[in-house]
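Worksheet for the structure shown next.
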Amino acid sequence: MRWDVGIDLGTDGVRLAEIKAGPTLGEASAVAFREGQRQPFAAGDAARALEGRACAGVEVARPLLDGTLRNPYHAQCLLNWAFASSGEISGKRRFSALLTCSPTSRPVQSEALMNAATEAGATDAALVRTDAATAVGAGLNVLAPQASLLLDLGAGKITATLFTMGRVAECDALPYGMDRIDERIQRGVRTQLGFAISRAAAQELKHAMGAASAQSSPMTASMNTAGLDMAQRLPRVFTVTPEPVVTACVDVVREIVGMAAGVVDRAPAELAADLNDAGVVLAGGGALLSGLDKVIGDALGIPCRVAEAPQSCGVRGLCRMMEDPKAYRAFFRDSATAGNTWR
């Protein structure tokens, strides 16, 4: 099977790649609806801009939650918009699509995602493991007999996967993604400082002051942000110190390290030994958290590096897989195998 377009659909973003042109689209995975209307009036970054700001009668929806499909119809609307945004694909009457899918997705969710792609206009649709596509895009040779370990730190799902000879030797996942840090920042600011802040404000604090450890914080000074004073019920600009932000990050990083250590511990001895040289590669937007590579490398006792442009590893991996699908067939799932497990 040869695919014309690849879609890396995540909790926070959607990226599209064409077989000849490569990556051509990268926007937020969000759609906005008006009350009583079935078709969205905005999608992508335009819809995300309305999140938390939409007036009565407007809903901003995300098709995925914690890395897995939440609403098939919302996914269909988003994919339809993505296909229409592609100049090459929108002019074709027939095209096939390859979509990334979390390895923890249930069979019913996997089948619903493929159905959403065909309802959105694709003639045929198939799925590929998100962690496999990300590993290929990060430059790992997952087809080699030597082991390679990937930590995929997405907004909705965090996975640790050990690859060898085109197969998954060991894998584990947390039931949430790096968005959990935003939630904990919001909770910490509310309980410690008495202010309610938006998700966007929490993300801004994470990007500016977040770190995997207190020693690696990129910012030592305080930062002003806007929020709702819970005592007076009035909007205020207030000051946030790095401590509550770094604490929220460290709690999640500790759980990531524990999960990755478990994967290494369960790996066959020969594959675990390979990691002394190969190390672990971090991908996904969460890989940019300050000091994360050092904390994970020190905890596991192996080299650790961040992939180049970690946010776009998934769509780059899709491009390579579409060019040589036979080599990566073990990571694919189509309608005939939708009811089977990945491993």
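Within 6.0 Å of the CZ atom in R70, the count of heavy atoms belonging to other residues, nucleotides or ligands exceeds 12. Summarising the local packing, CZ of R266 is surrounded by more than 12 heavy atoms from other residues, nucleotides or ligands at distances under 6.0 Å. Heavy atoms of other residues, nucleotides or ligands lying less than 6.0 angstrom from CZ of R167 number 12 at most. No more than 12 heavy-atom neighbours from other residues, nucleotides or ligands sit within 6.0 angstrom of CD on E35. By the neighbour-count criterion of 12 heavy atoms within 6.0 Å, atom CE of M223 is densely surrounded, having more than that number from other residues, nucleotides or ligands. Under a cut-off of 6.0 angstrom, the local environment of CD in E204 is sparse, with at most 12 non-hydrogen atoms contributed by other residues, nucleotides or ligands.
Contact detail for V281 and A307: the closest heavy-atom pair is CG1-CB, 3.9 Å. Closest approach of A135 to L150, counting heavy atoms only: N-CD2, 3.8 Å. Between A75 and A116 the shortest heavy-atom distance is CB-CB, 4.2 Å. Across all their heavy atoms, P310 and A283 have their closest contact at CB-CA, 4.0 Å. Contact between V245 and M209 at its shortest, heavy atoms only, is CG2-CE, 3.8 Å. Between A30 and A47, the shortest heavy-atom contact is O-CB, 3.5 Å.
With Q109 contributing its side chain and R106 its backbone, the two residues share a donor-acceptor pair below 3.5 Å. No donor-acceptor distance shorter than 3.5 angstrom exists from the side chain of Y328 to the backbone of M322, with no hydrogens or angles considered. At least one donor-acceptor pair under 3.5 Å links the side chain of R316 to the backbone N or O of G137. A donor-acceptor pair is defined here as one N or O able to donate and one able to accept, closer than 3.5 Å; no such pair exists between the side chain of T24 and the backbone of A17. With hydrogens and angles disregarded, no donor-acceptor distance shorter than 3.5 Å links the side chain of S86 to the backbone of F83. Remark: side-chain polar atoms of S105 are not paired, donor with acceptor, to backbone N or O of C101 under 3.5 angstrom. With hydrogens and angles disregarded, no donor-acceptor distance shorter than 3.5 Å links the side chain of D251 to the backbone of A248. Judged by distance alone, with hydrogens and angles left aside, the side-chain atoms of Q186 form a donor-acceptor pair with the main-chain N or O of I197 at under 3.5 Å. When atom types are taken as modelled, the side chain of S290 and the backbone of S216 share a donor-acceptor pair closer than 3.5 angstrom. With hydrogens and angles disregarded, no donor-acceptor distance shorter than 3.5 Å links the side chain of R320 to the backbone of G317.
The side-chain heavy atoms of M178 and I181, taken from C-beta on, include a pair separated by under 4.5 Å. Side chains of V168 and R129 form a contact here, defined as non-hydrogen atoms less than 4.5 Å apart. Side chains of L289 and C249 form a contact here, defined as non-hydrogen atoms less than 4.5 Å apart. In this structure, W3 and V128 have side chains that are not in contact, with every pair of non-hydrogen atoms separated by 4.5 Å or more. With contacts defined as side-chain heavy-atom distances shorter than 4.5 Å, the pair T11/K157 does not qualify.
Comment: K294 engages D298 in a salt bridge, judged by a side-chain N to carboxylate O separation of less than 4.0 angstrom. Ion pair D12/R62 flagged as a salt bridge, since at least one NZ, NE, NH1 or NH2 atom sits closer than 4.0 Å to an Asp/Glu carboxylate oxygen. Taking a cutoff of 4.0 Å between a charged side-chain nitrogen and a carboxylate oxygen, E27 and R48 do not qualify as a salt bridge. Salt bridge present: R180 and E183 bring a charged side-chain N and a carboxylate O closer than 4.0 Å.
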Stepwise side-chain contact (heavy atoms from CB on, under 4.5 Å) check, K20 with D4: CA-CA 8 Å; K20 296 180 180 179; D4 301 296; over 6 Å; no

Audit row: L99, M114, side-chain contact (heavy atoms from CB on, under 4.5 Å) steps and yes/no: CA-CA 8 Å; L99 298 91; M114 284 188 285; 5.7 Å; no

Residues S110, R333; criterion side chain to side chain donor-acceptor pair (under 3.5 Å); working and verdict: CA-CA 9 Å; S110 301; R333 177 188 290 174; 2.8 Å; yes

Verdict with supporting geometry, V142 and F331, side-chain contact (heavy atoms from CB on, under 4.5 Å): CA-CA 11 Å; V142 299; F331 301 120; 3.9 Å; yes

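One finds the OG atom of S312 at 11.5 Å from the CG atom of L318 (value rounded to the nearest 0.5 Å). Residue D152 holds its CG atom at 4.5 Å from OG1 of T159, rounded to the nearest 0.5 Å. The CZ atom of R305 lies 9.0 Å from the CG atom of L282; values are rounded to the nearest 0.5 Å. Separating the CG atom in L113 from the CG atom in L69 is a distance of 5.5 Å, to the nearest 0.5 Å. Rounding to the nearest 0.5 angstrom, the gap separating the CZ atom in F332 from the CG atom in L98 is 5.5 Å. L65 contributes atom CG, which lies 9.5 Å from atom CG of D179 (distance to the nearest 0.5 angstrom).
Taking the six-membered ring for Trp and thresholds of 30 and 60 degrees, F238 and F195 have nearly parallel ring planes, at less than 30 degrees apart.
The side-chain contact (heavy atoms from CB on, under 4.5 Å) check on S222 picks up T239, T241, with sequence neighbours excluded.
Between the side chains of R2 and S96, no donor N or O sits under 3.5 Å from an acceptor N or O. A donor-acceptor contact closer than 3.5 angstrom is absent between the side chains of T164 and Q146. Checked by atom type, the side-chain pair T100/D8 shows a donor-acceptor distance below 3.5 Å.
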